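This structure is a prediction, so every number in the text was calculated from the model and none was measured. Numbers for residues simply follow the sequence, beginning at 1. Order of appearance sets the numbers: ligands from 1, and atoms from 1 within every ligand.
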Amino acid sequence: MELSYILNELAEHREDYFRAVSPPIMQTSNFAFKKVADLRKSFENEYADFLYSRGLNPTVDILRKKLAALDGAEDCLVFNSGAAAIFAAVLANVKSGDHILSVKNPYTWAKKMFEDILPRFQVSHSYIDGTKIENFENAIQPNTTVIYLESPNSWTYELQDLAAVASLAKKHGIITIIDNSYCTPLFQKPILLGIDLVLQSATKYISGHSDTVAGVLSGSGPMMERIFNSEYMNIGSGIQPFNAWLLIRGLRTLEARLERIDRTTKEMIPFLKQHPRIEKVIFPLDPSFPQYDLAKKQMQGACGLLTIQIKAQECATIETFCDSLQHILMAVSWGGHESLIIPKVSGMKPEAFDPVNPEHRMLRLYIGLESADYLINDLSNAFSLIEHLS
Ligand SMILES: *Cc1c(COP(=O)(O)O)cnc(C)c1O
């Protein structure tokens, strides 16, 4: 299916809503029936028809069809956050006594689920360095039911060889789940590489305007139907119609935004790499990246999110640098119109800062829709203000 068709036409039936070009927001909690027999049919299978908006809703359905097509998946469910998509995907595939094999340092709330919630139900986990396939082979236990991946992750961008992990997991009957937030389905399609379940935080590039929190989970038809009938309906964290409409609107410009951000990122990397105050730039599609070849093989692009490691002896120097930026905002998240920065030191006490530890000198930069010159000026000015600081 062509990308232009998915973003502009798929699942839109204008004759059903007064030929409006922009689909309506079906802001309704319930749907009425004329006959008991129809209501009964809907009770029997809520996944087949509109009954109640905690389940299916027509505006959400337009979005679902587009997002599933983007992932190359049979079906998808859209949640009120990426964290909810992670929770449902994992919960649906473990029971008491099972073991989860996860890449180390997964997204914060995946980690909290593995460490704080699932042990209460006798579900164990172990973390591995996912850059080597042998590490997966060696860590699989007889009770492993889920392999949890995040490729690349969103601070240091380590990758897993998705096709290799998928084929290993299939041999052992293990379900593979990947957090694909970094790439979006435009730049990586894990389903086509054999991964079972793909999720992403739609808060990031899909929304694209920093105004919606949402998550997507894609997979096979039977798997999504099973998750709909249990975790999705029970947790009740499906996306609301208005937020679904905002995501449909975000999708219209997804390709255009990513192209623009990709260009700006490519213009900024040479500036960052030559700057005397920057020790290292970490970006999966830069030839200096340790897994550059794998990135080129399984990703069709990467844009916007990268990490710089700056030279600083004091925590205060990093703080002055960030405090001095005039345009790049200091905030969590990414994928919106606005460029962002977040220093690693914001997550630790200043006394704990150790200049010898390169991680402490990392700053994550998200490049948004501003021009490269505008952003380079902002960074240059902030660097000049710390010139005299060690
Ligand atoms: C933001 C994010 C999430 C969580 O998504 P929410 O929409 O914030 O719940 C999950 N994984 C990654 C990599 C993220 O960046």
Side-chain angles (χ1 to χ4, degrees), residues 60 63 67 71 76-91 100 102-115 117 127 130 146 148-160 162 176-188 190 195 197-218 231-232 235-240 242-244 246-247 250-251 254 258 261 282-284 299 302-307 329 331-336 338-342 344 346-347 362-368:
V60 177
L63 177 65
L67 290 172
D71 272 327
C76 83
L77 291 168
V78 192
F79 292 80
N80 222 13
S81 72
I86 295 173
F87 199 80
V90 174
L91 199 63
I100 296 165
S102 168
V103 290
K104 64 177 183 197
N105 301 320
Y107 179 69
T108 321
W109 293 95
K111 199 162 183 244
K112 283 191 197 268
M113 170 183 50
F114 297 149
E115 294 176 10
I117 299 182
Y127 295 125
V146 166
Y148 188 86
L149 310 169
E150 188 179 329
S151 183
N153 76 20
S154 61
W155 261 97
T156 44
Y157 317 105
E158 285 92 0
L159 312 180
Q160 299 95 55
L162 301 185
T176 43
I177 303 173
I178 185 173
D179 183 334
N180 198 36
S181 301
Y182 183 89
C183 279
T184 83
L186 263 57
F187 289 158
Q188 183 164 269
I195 300 293
L197 284 167
V198 180
L199 63 91
Q200 60 173 321
S201 168
T203 313
K204 312 292 161 56
Y205 288 114
I206 304 292
S207 151
H209 295 77
S210 301
D211 53 13
T212 321
V213 175
V216 191
L217 176 64
S218 295
E231 288 76 15
Y232 185 85
I235 302 171
S237 54
I239 192 168
Q240 293 294 306
F242 179 60
N243 284 357
L246 284 171
L247 294 190
L251 280 178
L254 178 64
L258 291 186
I261 294 170
I282 312 174
F283 183 64
M299 292 161 53
C303 63
L305 200 67
L306 54 92
T307 295
L329 303 178
V332 297
S333 197
W334 43 278
E338 78 291 11
S339 290
L340 300 168
I341 197 157
I342 179 161
K344 203 83 190 187
S346 64
M362 283 181 182
L363 295 93
R364 195 181 74 179
L365 185 62
Y366 166 67
I367 296 163

I'd like to know whether ligand 1 has [X] as a neighbour, heavy-atom separation below 4.0 Å.
X	answer
Y182	no
A84	no
Q200	no

From the options D179, T108, I86, select the one whose nearest heavy atom is closest to atom 12 (C) of ligand 1.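 The nearest heavy atom belongs to D179.
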Give the single entry among A85, S154, S201 that approaches atom 5 (O) of ligand 1 most closely by any heavy atom.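 Looking at heavy atoms only, S201 sits closest to atom 5 (O) of ligand 1.
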Test your reading of the model: is there a side-chain donor-acceptor pair from S237 to the backbone of A84, 3.5 Å cut-off?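 Not a single qualifying donor-acceptor pair exists.
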W109 and ligand 1 - part of the residue with a heavy-atom distance under 4.0 Å: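 The answer is neither.
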Region of S333 engaging ligand 1 - heavy atom pairs below 4.0 Å: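 None of S333 does.
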Indicate whether the side chain of E338 and that of S210 have a donor and an acceptor atom separated by less than 3.5 Å.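 Side-chain D/A pair, E338 to S210: present.
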Does the side chain of [X] reach to within under 4.5 Å of the side chain of [Y], using non-hydrogen atoms?
X	Y	value
Y127	P106	yes
I178	Y148	no
V90	I177	yes
N80	V213	no

Which of the atoms in ligand 1, numbered in the order shown and given with their element, are less than 4.0 Å from a heavy-atom of G82?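 Selected atoms, number and element: 5 (O), 6 (P), 7 (O), 9 (O).
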